[in-house]
Protein chains: 2
Amino acid sequence: MQRMTRQRTAVADALSTVEDFRSAQQLHELLRDQGHGIGLATVYRTLQALAEAGVVDVLRTADGESVYRRCERREHHHHLVCRTCGATVEIDGPAVESWADRIAASHGFTDITHTVELFGTCAACAAASGQDDVATGG
Amino acid sequence: MQRMTRQRTAVADALSTVEDFRSAQQLHELLRDQGHGIGLATVYRTLQALAEAGVVDVLRTADGESVYRRCERREHHHHLVCRTCGATVEIDGPAVESWADRIAASHGFTDITHTVELFGTCAACAAASGQDDVATGG
DNA sequence: GCGAAGTTGACAATCATTTTCACCCCCACT
DNA sequence: AGTGGGGGTGAAAATGATTGTCAACTTCGC
Ligand SMILES: [Zn+2]
Ligand SMILES: [Zn+2]
Ligand SMILES: [Zn+2]
Ligand SMILES: [Zn+2]
């Protein structure tokens, strides 16, 4: 039986107030800063449970760290993530879904799942970086 | 300057004889079995170098382990990987490439990269699993 | 309020990968 | 063929995210 505890509420709340993908450690630090006494292991366990329940999305950063985000949609979707600031856009790709299934089936594969994530530099970060270049140059 | 050493040759050779994605540790064990004395750290370093040179492809398994494969094509492509036996098919997705760029651009993102990998059960493994079911059932 | 059962958290353990660093050996040059 | 210097090697230690441990602690149905 799942019980509602102070810690679980805190993690859920923290996820609601954050827009971007965050690691367990970042969330732990955030919660500590907010004055919640909470153990790191508990943050990990809670995030894992939320991920299994499909309440939060998980993805691995380039350096292998797991990051979590409470997305608007509960249904299957993908993400466009800013490599610099973590800004995230939820994206749909019906064409990709059917393409994946079709390709896999044509090779005799079944029970298909897919990973599709886009990474880039958001407009804000590109502008900031452009500023830096100018500043550096002059 | 890159030097050609016994160890680097051995790793390259091992990759050529293997069809599927393999982890650094698996390759290290394979090399040891073949009688090559080679350190694990060297295997890691060599695979990393090969990956940076674009000679081998890398992807992360569900549990976060990096696996490497010498693919036929040097150009950009994706993979369809059997979750059970690791059998791999190189796949092309021109539609996906343009879709990714279009979506990202429409959100003001630049400098786009994408991760697209398909996982499933290959025909052979599906058949084997079906056999198991029959065997278990009778 | 009680108590069984789920939860917590400090700390140890895991485990892939990286770093260290003293020794090794490849190779351009002679 | 010999040599030197600088890249390469590997055993062992370090790293760092994540997981396991387990005694103490809450939660919640009664
Ligand atoms: Zn950004
Ligand atoms: Zn999809
Ligand atoms: Zn298979
Ligand atoms: Zn692509």
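The figures here come from the full heavy-atom set of this structure, side chains too, leaving out hydrogens, waters and symmetry mates. A note on names: the letters A, B, ... follow the listed sequences, proteins ahead of strands, and every chain is numbered from 1.
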Between [X] (side chain) and [Y] (backbone), is there a donor-acceptor pair under 3.5 Å?
X	Y	value
A/Thr42	A/Ile38	no
B/Arg8	B/Gln2	no
B/Arg69	B/Glu19	yes

Give a yes or no on whether a salt bridge exists between B/Arg70 and B/Asp57, defined as a side-chain N under 4.0 angstrom from a carboxylate O.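 So B/Arg70 does not pair with B/Asp57 through a salt bridge.
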Looking at B/Arg73 and B/Glu90, is any side-chain nitrogen of the basic one under 4.0 Å from a carboxylate oxygen of the acidic one? yes
On DNA chain C, check which nucleotide each of B/Ala41 and A/Ala41 is closest to and give me the residue with the more 5' one.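 On the 5' side of the pair lies A/Ala41.
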B/Arg45 or B/Gln7, whichever maps to the more 5' nucleotide of DNA chain C: B/Arg45
Rounded to whole Å, please give me the gap between [atom1] in [X] and [atom2] in [N].
X	N	atom1	atom2	answer
A/Arg22	D/dT18	CZ	C1'	20 Å
B/Tyr68	C/dA16	OH	C1'	10 Å
A/Glu52	D/dT19	CD	C1'	13 Å
B/Gln26	C/dC15	CD	C1'	15 Å
A/Leu47	C/dT8	CG	P	12 Å
B/Arg8	C/dC27	CZ	P	10 Å
B/His28	C/dA16	NE2	C1'	14 Å
A/Arg32	C/dT8	CZ	C1'	12 Å

So, for A/His79 and A/Phe21, is the gap between ring centers shorter than 6.0 Å? yes
Would you confirm whether the ring centroid of A/His78 sits within less than 6.0 angstrom of the ring centroid of A/His114? yes
Nucleotide of [options] approaching [X] most closely (side-chain heavy atoms):
X	options	value
B/Thr5	C/dA16, C/dC26, D/dT27	C/dC26
A/Arg3	C/dA4, C/dT17, C/dT8	C/dA4
A/Arg6	D/dG10, C/dA16, C/dG9	C/dG9
A/Thr42	D/dT27, D/dT18, C/dG9	C/dG9

Taking only N and O in the side chain of [X], is any of them less than 4.0 Å away from OP1 or OP2 of [N]?
X	N	result
B/Gln48	C/dT18	yes
A/Tyr44	D/dT19	no
B/Gln2	D/dG7	no

List, one per line, each side-chain donor-acceptor pair under 3.5 Å for residues 100-107 of chain A, sequence neighbours excluded.
residue  : atom : partner  : partner atom : Å
A/Ser106 : OG   : A/Ile103 : O            : 2.7

Rounding to 10 degrees, work out the angle separating the end axes of the helix from C/dG1-D/dC30 to C/dT30-D/dA1 (five pairs an end). 30°
Base, sugar-phosphate or nothing for B/Ser66? Non-hydrogen atoms, less than 4.0 Å. sugar-phosphate
